[in-house]
Amino acid sequence: MLFEQLDLSVAAGQLLQIAGKNGAGKSSLLRILAGLAQPEQGQLYFGTTPLRQVMPEFAANLCYIGHQSGVHEQLTARENIRFWHAATAEPQAIDDYALLGQLGLAGLEDIPCRMLSAGQQRRVSLARLWFTRRQLWILDEPFTALDQAAITMLQQHFLLHLQQGGAIVLTTHQKLTLVFEQLISLELAYRW
Amino acid sequence: MFKWLHPLAKPETLYHFCRLCYPWLMAAALLLLALGNIWGLAFTPPDYQQGDSYRIIHLHVPSAIMSMGTYSAMAIAAFTALVWQVKTAQWAALALAPIGAVYTAIALLTGMAWGKPMWGTWWVWDARLTSELILLFLYLGVIALSGAFSDRQTGAKAASLLAVVGVINLPIIHFSVEWWNTLHQGASITKFARPSIDASMLWPLLISILAFKVLMLALLCLRLRTAILVNEQHRPWVKALAGER
Amino acid sequence: MVTLGCFIKRELRLLARQKADWLNPVLFFVIVLTLFPLGVGPEPNLLRLMAPGVVWIAALLSVLLAAERLFKDDYRNGVIEQLVAARQPLLSFVLAKLITNWLSTGLPLVLLSPLVALLLNVDSAAFAALALTLLLGTPLLSLLSVLGAALTVSADKGGILLALLILPLYIPLLIFASAAVEAASMAMPYQGQLAIMLAMLLFALALVPMAVQSALKLNVS
């Protein structure tokens with residue numbers, strides 16, 4: 001059994017930070033929250049209805065970026081962004097060159113992602129947060145491989161999302177450097 | 001019916017149910033098996049054409065029938081597992097797969113042994129033998145797929161899905177008999193037509209079929225019990241059970 | 001629809017960049033067909049007799065070869081997991097995979113059928129049947145192999161397992177396809193066999209995309 005006595009909720013405007021040692025089950029918890037895995041016991045609610053009954057609505061409000069980045073190495077940064085843009089059916093067109101420039105990837109838009117560094121690939125993966133209109137973000141270790149500037153930029157973007165009424169669940173080992181007013185921290189510890 | 005079945009979806013209840021049923025089913029299976037086979041092998045008249053060699057029918061036909069019956073049971077269990085997310089049904093499906101595979105193998109081997117004196121060759125590519133062979137492959141596919149994943153749960157789910165997909169093959173097995181007209185004789189017993197087999201031979205055969213069916217249920221109980229214990233080994237009730245001993 | 005178009009474009013792009021993924025199976029098909037006459041002898045009548053079976057077995061093997069890698073990359077880099085979490089685009093993704101899989105492995109086999117007829121000494125009546133069965137059968141083959149690939153995407157050992165899963169499902173297709181070509185070479189009508197193949201194709205077309213979706217789901221859960 002991985003989790004015991006776990007009770008958590010995330011409301012609009014809140015950021016839930018899940019911390020814990022390696023192997024404490026952070027990713028497993030995120031996958032359960034994202035509806036990818038079923039808990040053995042216990043219930044998940046979306047609003048007031050059990051999650052299983054409203055999966056389509058929930059999924060349409062969810063932006064999940066897992067442990068693997070979701071970036072195909074044979075495709076370029078632009079193609080990857082366009083893929084996720086189509087997959088999430090965002091109504092608005094995006095200016096992919098501007099977006100990639102903003103993320104510090106100017107000049108790297110049209111080379112296959114396998115040529116990019118780990119941090120750059122992570123930026124390509126996170127780029128979707130800049131055009132998605134989904135409310136709930138569930139992010140597994142979003143800061144991995146990012147440099148300090150990118151981490152700050154990402155946190156600023158988080159703040160903006162929270163101000164607009166979004167909610168974020170993320171796992172990280174690091175302390176958040178910016179001030180989040182509605183921050184909930186959850187420390188997973190294990191007992192053998 | 002559903003009300004009665006529903007509590008059995010709970011692993012603990014099902015475990016105790018299986019434990020209760022197993023000795024009775026096994027005893028009944030052995031008794032019926034002995035009765036059907038001894039009667040069939042020793043006390044029925046020889047066939048006017050095939051002599052004594054037809055007596056293998058008492059192994060061949062029941063195992064062939066149950067090879068398909070077990071597949072249907074497995075597919076139903078797998079379907080239940082996939083649609084209503086019943087874990088115990090998944091374990092039942094996986095527990096049935098090796099039983100069915102062995103029945104299929106018995107049907108194939110006895111079929112070959114029967115074919116040698118009748119057709120003069122061990123193997124002919126006739127429709128029924130071939131489809132029985134395909135059935136064996138289907139079983140092996142389900143077993144192999146369930147073991148191919150590092151995560152046991154994923155393997156069980158994938159194997160259930162394959163079992164449901166493979167059930168498409170069962171009707172094809174039946175209609176293939178009519179499609180290719182081959183060496184194999186038609187069915188000896190049908191529900192609708194008068195049986196083309198003499199009553200003195202029919203009774204032991206029916207008993208053998210029943211014996212194979214009960215044996216399948218007994219083995220299912222045994223294997224399902226093991227599966228439940230393995231999958232629930234970290235649960236308090238299993239630990240309590242182990243502490244009892 | 002927009003999503004589907006986008007996904008198909010992506011798959012085609014990937015195929016254009018990883019040419020070995022679809023060229024190797026096609027080459028393999030041609031190699032198997034070249035080896036058969038060398039193995040059994042160049043007797044024209046014998047080749048003509050064996051042609052339908054040989055072609056369809058070679059087709060199965062080459063499609064299997066292509067299927068193995070179909071979902072591997074997208075599974076490894078997390079695309080499938082995130083599509084499953086997003087739910088709604090998964091069907092488009094599966095359809096795009098199916099369509100491009102047929103375009104890259106099935107269609108080349110159909111286009112190669114004149115060459116096959118030449119190599120195996122198939123006469124013109126049987127050739128028409130061969131081409132038609134390939135046209136109807138390869139989409140079904142794609143459907144089955146995509147299903148197999150989806151089922152085994154997170155398995156530790158793929159390869160031979162995929163073949164074991166697909167083989168039983170493929171056998172009816174093999175029987176009817178070669179029966180059709182055989183009938184055609186004896187100047188008998190073969191519309192019946194084609195109709196059954198079409199029925200099987202439509203049936204699979206209705207069910208397989210759904211099964212592939214749930215196979216992908218259970219592989220990431």
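Lettering follows sequence order; numbering is per chain, from 1.
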**Asked** Between C63(A), P56(A), S69(A), A34(A), which has the largest tally of heavy atom pairs under 4.5 Å with chain C?
**Response** S69(A)

**Request:** Report, by ascending residue number, the residues of residues 135-149 of chain C in heavy-atom contact with chain A at a distance under 4.5 Å; give 'none' if the set is empty.
**Result:** none

**Item:** Test side chain to side chain contact (heavy atoms under 4.5 Å, CB included) applied to F83(A) and T3(C), step by step
**Value:** CA-CA 9 Å; F83(A) 171 75; T3(C) 316; over 6 Å; no

**Message:** Looking at R76(C), I want to see if its CZ is surrounded by more than 12 non-hydrogen atoms of other residues, nucleotides or ligands under 6.0 Å.
**Reply:** yes

**Residues in residues 16-34 of chain C that sit under 4.5 Å from chain A, counting heavy atoms only** = R17(C), Q18(C)

**Message:** Quick one, Q82(C) and W84(A) - any side-chain contact, counting heavy atoms below 4.5 Å?
**Reply:** yes

**Prompt:** Which residues, numbered in order, of residues 201-213 of chain C come under 4.5 angstrom of chain A by heavy-atom distance?
**Reply:** none

**Prompt:** With a 4.5 angstrom heavy-atom cut-off, which part of I65(A) approaches chain C: side chain, backbone, both or neither?
**Reply:** both

**Request:** Please determine, among C6(C), A86(C), A85(C), the option with the most heavy-atom pairs under 4.5 Å with chain A.
**Result:** A85(C)

**Message:** Less than 4.0 angstrom from a charged side-chain N to a carboxylate O is my criterion; do R13(C) and E79(A) meet it?
**Reply:** yes

**Prompt:** With a cut-off of 6.0 Å (strictly less than), are more than 12 heavy atoms of other residues, nucleotides or ligands near CZ of F36(C)?
**Reply:** no

**Asked** By number, which residues in residues 110-132 of chain A have some heavy atom less than 4.5 Å away from chain C?
**Response** R128(A)

**Close side-chain approach of V84(C) to Y64(A), heavy-atom, < 4.5 Å** = no

**Prompt:** Measuring heavy-atom distances to chain C, does L75(A) have an atom under 4.5 Å in its side chain, in its backbone, in both, or in neither?
**Reply:** both

**Message:** The test is side chain to side chain contact (heavy atoms under 4.5 Å, CB included); show your working for R10(C) and H72(A) and say whether it passes.
**Reply:** CA-CA 10 Å; R10(C) 168 191 192 255; H72(A) 199 294; 3.5 Å; yes

**Message:** Tell me which of these, H67(A), R82(A), Q68(A), has more heavy-atom pairs under 4.5 Å with chain C than the rest.
**Reply:** Q68(A)

